[in-house]
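Worksheet: one structure, shown below.
Just so you know, residue 1 is the first one in the sequence shown, and it goes up from there.
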Amino acid sequence: MTLNEIYSTFTVGSEGFVSAVEANCGFEISRTEIERISAVAPTAEAFESVWENSSAWTDESNG
């Protein structure tokens with residue numbers, strides 16, 4: 001399942017969404033980090049942009 005498919009299938013930020021990103025996308029980030037990114041990323045493209053260009057979502061930045 002691609003990130004675009006996940007955005008189309010699940011409510012952004014929901015348990016199903018987080019689980020699907022974790023299982024299918026290979027970002028190698030925590031569930032909490034997925035939640036943080038999805039809170040500010042309304043699209044798959046925005047999610048990837050935040051993941052690539054920001055560190056505000058990392059566990060280290062939120063410790």
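- Of the possible donor and acceptor atoms, none in the side chain of D59 sits under 3.5 Å from a partner among the backbone N and O of S30.
- Looking at S49, its side chain never comes within 3.5 Å of a backbone N or O of E45 through a donor-acceptor pair.
- Remark: the backbone N or O of I6 is not paired with any side-chain donor or acceptor of T9 at under 3.5 angstrom.
- Here the straight-line distance linking atom CG of N4 with atom CD of E48 works out to 7.5 Å at 0.5 Å rounding.
- Ring pair F47/F27 is tilted by interplanar angle, where 30° to 60° counts as tilted.
- Within 6.0 Å of atom CD in E28, 12 or fewer heavy atoms from other residues, nucleotides or ligands are found, so the atom counts as exposed in its surroundings.
- Atom CZ of R31 sits about 13.5 Å away from atom CZ of R36, to the nearest 0.5 Å.
- Annotation for F17 and I34: closest pair CE2-CG2, 4.2 Å, computed over non-hydrogen atoms.
- Taking each heavy atom of V18 and G13 in turn, the nearest pair found is CG2-O, 4.0 Å.
- When all heavy atoms of S38 and V12 are compared, the pair lying nearest together is O-CG1, 3.5 Å.
- Looking only at atom types and distance, the side chain of T58 has a donor-acceptor partner in the side chain of S61 under 3.5 Å away.
- The backbone N or O of V50 sits less than 3.5 Å from a side-chain atom of W57, completing a donor-acceptor pair.
- Nearest heavy atoms, P42 versus A46: CD-CB, 4.0 Å.
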*Evaluate the side-chain contact (heavy atoms from CB on, under 4.5 Å) criterion for residues V21 and L3: first the C-alpha distance (whole Å), next the side-chain angles of each, then the deciding distance (0.1 Å), finally the verdict.*
CA-CA 7 Å; V21 171; L3 189 56; 3.9 Å; yes

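- In plain terms, the two heavy atoms of A20 and F10 that are nearest each other are CB-CE1, 3.6 Å.
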